[in-house]
Chemist: 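Quick one: the structure is below, and I'll ask about it shortly.
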Amino acid sequence: MHELSIARALIEAAATAARDAGAQRVTRLRCRVGALRMVDPRLLGEAFAAAREGTACASAELDVTPVGLHGRCRACDHDFSISGWDWRCPICGGEGEGLTAGDELELVSIDAETSDEG
Amino acid sequence: MRVDVLRNVFARNEAAAAENRRLLDQRRIVCINLLGGAGSGKTTLLEAVMPRLRGHMRVAVLEGDLATTRDADRIAALDVPVVQLLTDGGCHLNATLVQHGLARLPLDEIDLVVIENVGNPICPANFDLGEHARIAVLSVAEGSDKPSKYPLLFKEARLVVITKCDLLAMTDFDLDQAMRDIRRINPDALVIPTDARGGRGIEDVAQWLRSRCRVGADVECLNVMG
C-alpha cells in the first residue's frame with residue numbers, strides 16, 4: 001500500500017507549494033503517475049481522502065493523469081509505447097530499451113486560495 | 001490561483017537518500033538494497049552468503065520488517081552487526097528510516113551495508129534509500145511470471161537472484177522464460193540462479209558482492225560496473 005505514502009507526500013508537497021505562494025488552502029492537486037510505479041488509482045483516491053483531513057488539502061480534489069510506458073530501442077532508436085509489459089521493440093524486435101516515459105510520480109500543479117477568498 | 005509545482009512526489013525521500021549516499025561515499029562504504037516478495041528467500045540468501053564474505057570485507061545489515069526481530073536475530077547469529085528497522089505496518093523502508101539505522105552502526109568498521117527491505121515485490125522498489133545497487137530476489141516458488149508482473153522490482157536491479165532452484169523439478173517455473181523476461185525488462189542485469197540448501201550459485205553471489213566492494217576501491221567506479 002505505497003498509495004498512502006504517495007498520498008501523504010502529495011499533500012505535503014501541495015501544502016508547501018501553497019504556503020510558498022502565500023495561499024492557505026489547496027482546492028485541487030494535479031499529478032502524473034507512470035505505469036511503472038504500479039499505483040492503483042482507486043486506492044490512491046481512498047488514501048488521499050483519508051490523509052487530507054486536518055491538512056491544507058482538507059477540501060482538495062485530486063486529479064491523477066496516468067502515463068503509459070514508453071521506451072526507446074537501443075538497437076534502432078525507435079521510440080515506442082510498451083503495452084502488455086512487452087518490452088520488445090515493435091520495429092526491429094530488439095530486446096531492452098531505455099525507458100522514456102512511465103516512471104513519473106509528480107505533483108504538476110495545484111489550485112490554491114487565500115483565507116479571504118471563496 | 002493556480003500554482004505550477006512540477007515536483008517529484010518523493011522529493012523529500014530522495015533528498016534523504018542523497019544524504020545517505022553522501023555519508024556512505026565519504027566513508028567508502030558500499031550499500032546494497034536487497035528487495036523481493038515475502039518469503040522469497042532474502043534472509044536465507046544472506047545467511048548463505050555472509051560466511052563467504054568473512055575475511056574479505058566487513059559487513060553490516062539493516063533489517064527491514066513490519067514487526068518482530070526474527071530476521072535480525074537470524075543475522076545476528078552469524079556474528080554480523082545488524083540493526084532492525086521496524087516500519088510499524090508500513091510496506092516499505094524509506095531513506096529516513098535507513099538514516100536512523102546507519103547512525104546506529106559502527107560505520108568506521110564496515111565496508112558493506114546490506115539493507116534487507118520489507119518483503120514486498122511492489123512498494124519498496126519505489127523508494128531510493130541511498131544504496132549504490134539493488135539486488136532483486138525472485139523465488140522459484142513465486143512463479144516465473146513475476147518479472148513481467150512486477151517490472152519495477154527488476155527494472156532497477158543490478159543483480160537478480162533466483163532462489164529455491166532446488167524446487168525447479170517440483171514446479172512449473174520456467175527458468176528460461178524468467179531469464180528472458182528479466183533481460184527484456186532490464187538487459188543489463190546479471191541473473192544468478194541459486195539454491196541456498198544445495199549451495200548452487202551462492203559463491204557467484206558472494207563473488208559479485210566481493211567485486212563490488214574491494215576495500216579502498218572507488219565507489220563511483222563500482223557504480224558503473226555491470
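Residue numbers begin at 1 in each chain, while the letters A, B, ... track the order of the sequences.
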Chemist: Select one option (side chain, backbone, both, neither) describing which atoms of B/Leu152 are under 4.5 Å from chain A's heavy atoms.
Modeler: both
Chemist: Can you tell whether the side chains of A/Arg8 and A/Glu12 come within less than 4.0 Å, N to carboxylate O?
Modeler: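 Judged by the 4.0 Å cut-off on N to carboxylate O distance, A/Arg8 and A/Glu12 do not form a salt bridge.
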Chemist: Quick check on the interface: out of A/Val39, A/Val33, A/Ile110, A/Leu36, who has the most heavy-atom pairs with chain B under 4.5 Å?
Modeler: A/Ile110
Chemist: Verify, without hydrogens or angle tests, whether B/Asp166 (side chain) and B/Asp195 (backbone) share a donor-acceptor contact under 3.5 angstrom.
Modeler: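 Side chain of B/Asp166 to backbone of B/Asp195, a donor-acceptor pair under 3.5 Å: no, none is there.
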Chemist: Which answer fits B/Arg2, side chain, backbone, both or neither, if we ask what part of it has an atom under 4.5 Å from a heavy atom of chain A?
Modeler: both
Chemist: Parallel, tilted or perpendicular, judged at 30° and 60°: which one describes the rings of B/Phe10 and B/Phe127?
Modeler: tilted
Chemist: Any carboxylate oxygen within less than 4.0 angstrom of a Lys/Arg side-chain nitrogen, looking at B/Arg21 and B/Asp128?
Modeler: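 Yes, charged N to carboxylate O under 4.0 Å.
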Chemist: What I want to find out is whether B/Arg210 reaches B/Glu203 closely enough, with some N-O distance under 4.0 Å, to be called a salt bridge.
Modeler: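 Between B/Glu203 and B/Arg210 there is a salt bridge, with a charged N closer than 4.0 Å to a carboxylate O.
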Chemist: Below 4.5 Å from any heavy atom of chain B, which atoms of A/Arg32 appear? Answer side chain, backbone, both or neither.
Modeler: neither
Chemist: Quick one: which of B/Asn126, B/Ile122, B/Asp4 has the most heavy-atom pairs under 4.5 Å with chain A, could you say?
Modeler: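 Top count of heavy-atom pairs under 4.5 Å with chain A: B/Asn126.
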Chemist: I'd like to know which of B/Asn13, B/Leu6, B/Asp181 tops the heavy-atom pair count under 4.5 Å against chain A.
Modeler: B/Leu6
